[in-house]
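Given the structure is predicted, the values throughout are model-derived calculations rather than measurements.
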Amino acid sequence: MYKDKLELRNRLKVARAEKKLNQSQLAKLVGVSRQTISNIETYEYIPSAKLALLLCIALDVAFENLFYFED
């Protein structure tokens with residue numbers, strides 16, 4: 001199936017840098033650990049829908065501008 005080939009990617013590191021936030025600061029804003037933010041940025045962890053939306057809100061970025069699929 002096509003959906004099996006899609007990988008969720010993100011622009012979290014870039015968006016975070018644009019807001020001049022480090023990983024710890026962003027983690028505190030959304031209620032997770034710094035390691036969780038690092039793991040999302042390096043694609044080792046796929047955030048839940050709730051966490052993804054919290055990240056969008058914290059960074060003031062539309063979901064489709066922060067997360068995207070790549071095949």
Side-chain angles (χ1 to χ4, degrees):
M1 291 193 114
Y2 182 70
K3 69 178 182 174
D4 293 334
K5 296 180 183 182
L6 293 177
E7 292 189 37
L8 185 65
R9 297 293 183 191
N10 67 73
R11 297 177 181 91
L12 186 58
K13 187 174 183 177
V14 171
R16 180 176 55 75
E18 287 174 353
K19 297 293 183 182
K20 298 181 177 23
L21 295 171
N22 63 37
Q23 290 179 341
S24 295
Q25 291 167 324
L26 179 57
K28 187 174 181 180
L29 285 174
V30 298
V32 298
S33 69
R34 183 210 56 82
Q35 188 63 43
T36 297
I37 299 298
S38 175
N39 287 342
I40 295 169
E41 289 181 353
T42 59
Y43 310 114
E44 294 177 36
Y45 176 72
I46 297 171
S48 67
K50 179 181 178 181
L51 179 53
L53 289 172
L54 287 171
L55 290 166
C56 291
I57 292 166
L59 295 168
D60 194 28
V61 177
F63 182 87
E64 60 273 13
N65 292 333
L66 192 58
F67 294 95
Y68 63 97
F69 284 108
E70 189 174 88
D71 57 354

R16 and Q25, any side-chain heavy atoms less than 4.5 Å apart: no

Are any non-hydrogen side-chain atoms of I46 and F67 less than 4.5 angstrom apart? no

Determine whether the side chains of Q23 and Q35 contain a donor N or O and an acceptor N or O closer than 3.5 Å. no

Can a donor-acceptor pair be found between the side chains of T42 and E44 at a distance below 3.5 Å? yes

What distance do N39 atom CG and Y45 atom OH have between them, rounded to the nearest 0.5 Å? 9.0 Å

If you round to the nearest 0.5 Å, how far is CZ of R11 from CD of E18? 10.5 Å

Given the rule that I, L, V, M, F, W and Y join up when any side-chain heavy atoms are under 4.5 Å apart, are F69 and V14 in one cluster? no

If hydrophobic clusters are built from ILVMFWY residues whose side chains come within less than 4.5 Å, do L8 and L12 share one? yes

Minimum heavy-atom distance A52-P47, with the two atoms named: N-CB, 4.2 Å

Can you list the steps and then say if L21 with L59 is a side chain to side chain contact (heavy atoms under 4.5 Å, CB included)? CA-CA 9 Å; L21 295 171; L59 295 168; 4.0 Å; yes

If you apply the rule side chain to side chain contact (heavy atoms under 4.5 Å, CB included), what do you find for L26 with K19, and how did you get there? CA-CA 10 Å; L26 179 57; K19 297 293 183 182; over 6 Å; no

Given the rule in the side chain to side chain contact (heavy atoms under 4.5 Å, CB included) test, do L29 and L54 qualify, once you have shown the distances and angles that lead to the verdict? CA-CA 9 Å; L29 285 174; L54 287 171; over 6 Å; no

Could you list the cluster mates of Y43? Members are the ILVMFWY residues connected by side-chain heavy atoms closer than 4.5 Å, either directly or through other members. Y68

Do side-chain atoms of S38 reach the backbone of R34 as a donor and acceptor pair under 3.5 angstrom? no

F63 vs I57, test: side chain to side chain contact (heavy atoms under 4.5 Å, CB included). Steps then yes/no. CA-CA 9 Å; F63 182 87; I57 292 166; over 6 Å; no

Could you tell me whether E70 and R9 make a salt bridge, using a distance below 4.0 angstrom between a side-chain N and a carboxylate O? yes

Option among I37, N10, V32 that satisfies the side-chain contact (heavy atoms from CB on, under 4.5 Å) test with L55: I37

